[in-house]
Amino acid sequence: QVQLVESGGGLVQAGGSLRLSCVFSGGTFTRYAMGWFRQAPGKEREFVASIDWRSTMSYYAGSAKGRFIISRDNAKNTVFLQMSSLTPEDTAVYYCAAETGYPVSRRAEYWGQGTQVTVSS
């Protein structure tokens, strides 16, 4: 059974940076496109970024473009989200997702448990 475990969340000041990681296990990592989503209190879960299995294509939400970078290391079964220039509006629980199609959507087959990111003003 595929499992996804996120880490790297925390409290950061506005303008700061964080790097989230998501470790994939229980399957063949390179069969899946990977993505990041986030959910703020009282809001729906929203797409942040997605990357294909070979790292040849990536796709970002408008709010993430120019500030976030998604990457993956297939040798380590890990996907990353490098976040910079963070604002309080980025405060949310961030979820990793795996899907056999690209880009990763809300219909993704597998989800992690989430990691909290809090940006203070």
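Quantities reported herein were computed from a predicted structural model and do not represent experimental measurements. Values below: all heavy atoms of this structure, side chains included; hydrogens, waters and symmetry mates excluded.
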Can you tell me how far apart [atom1] ([X]) and [atom2] ([Y]) are? Round to the nearest 0.5 Å.
{"X": "Arg19", "Y": "Ser84", "atom1": "CZ", "atom2": "OG", "value": "13.0 Å"}
{"X": "Thr87", "Y": "Arg67", "atom1": "OG1", "atom2": "CZ", "value": "5.5 Å"}
{"X": "Glu99", "Y": "Arg31", "atom1": "CD", "atom2": "CZ", "value": "12.5 Å"}
{"X": "Thr30", "Y": "Asn77", "atom1": "OG1", "atom2": "CG", "value": "8.0 Å"}
{"X": "Tyr94", "Y": "Leu81", "atom1": "OH", "atom2": "CG", "value": "7.5 Å"}

Where [X] and [Y] come nearest, the two heavy atoms and their spacing:
{"X": "Ala108", "Y": "Ala97", "result": "CB-CB, 3.8 Å"}
{"X": "Val117", "Y": "Met83", "result": "CG2-CE, 3.9 Å"}
{"X": "Met34", "Y": "Cys96", "result": "CE-SG, 3.5 Å"}
{"X": "Trp36", "Y": "Leu20", "result": "CH2-CB, 3.7 Å"}
{"X": "Pro88", "Y": "Ala14", "result": "CD-CB, 4.2 Å"}
{"X": "Asn74", "Y": "Phe29", "result": "OD1-CE2, 3.2 Å"}

Exercise. Show your working on side-chain contact (heavy atoms from CB on, under 4.5 Å) between Tyr95 and Leu4 and close with a plain yes or no.
Key: CA-CA 9 Å; Tyr95 297 91; Leu4 304 174; over 6 Å; no
| message | So does Lys76 get a backbone contact from the side chain of Thr78, meaning a donor-acceptor N/O pair under 3.5 Å? | response |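 Yes.
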* With no hydrogens and no angle check, is any side-chain donor or acceptor of Glu6 less than 3.5 Å from a backbone partner on Gln113? ->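 Yes: the side chain of Glu6 pairs with the backbone of Gln113.
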For this session: Examine Arg106 relative to Phe37 and say whether NZ or CZ is less than 6.0 Å from the centre of the six-membered ring and inside a 45° cone about the ring axis.
Result: no
### Query
Between Arg72 and Phe24, is NZ or CZ placed under 6.0 angstrom from the six-membered ring centre and within 45° of the ring axis?
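No, Arg72 and Phe24 do not form such a contact.
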If you take the centroid of each ring, where Trp contributes its six-membered ring, are Tyr102 and Tyr59 closer together than 6.0 Å?
no
Side chains of Arg38 and Ser63, heavy atoms from C-beta outward: is any pair under 4.5 Å?
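The answer is yes; the side chains approach within 4.5 Å.
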In the structure I gave you, are the side-chain heavy atoms of Leu86 and Gln13 within less than 4.5 Å of one another anywhere? no
Between the side chains of Ser71 and Gln82, is a donor N or O closer than 3.5 angstrom to an acceptor N or O?
no
Out of curiosity, does Tyr60 fall in the hydrophobic cluster containing Val79 (side-chain heavy atoms, cut-off under 4.5 Å, transitive links)?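 Shared cluster, yes.
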- Single-linkage hydrophobic cluster, 4.5 Å side-chain cutoff, Val104 and Tyr110 together: no
**Study point:** Identified side-chain contact (heavy atoms from CB on, under 4.5 Å) partner of Phe80 from the options Ile70, Ile51, Asp73
**Key:**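 Testing each of Ile70, Ile51, Asp73 against Phe80, the sole residue satisfying side-chain contact (heavy atoms from CB on, under 4.5 Å) is Asp73.
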TODO: List the steps, then state whether side-chain contact (heavy atoms from CB on, under 4.5 Å) holds for Gln3 with Val23.
DONE: CA-CA 8 Å; Gln3 290 189 327; Val23 178; over 6 Å; no
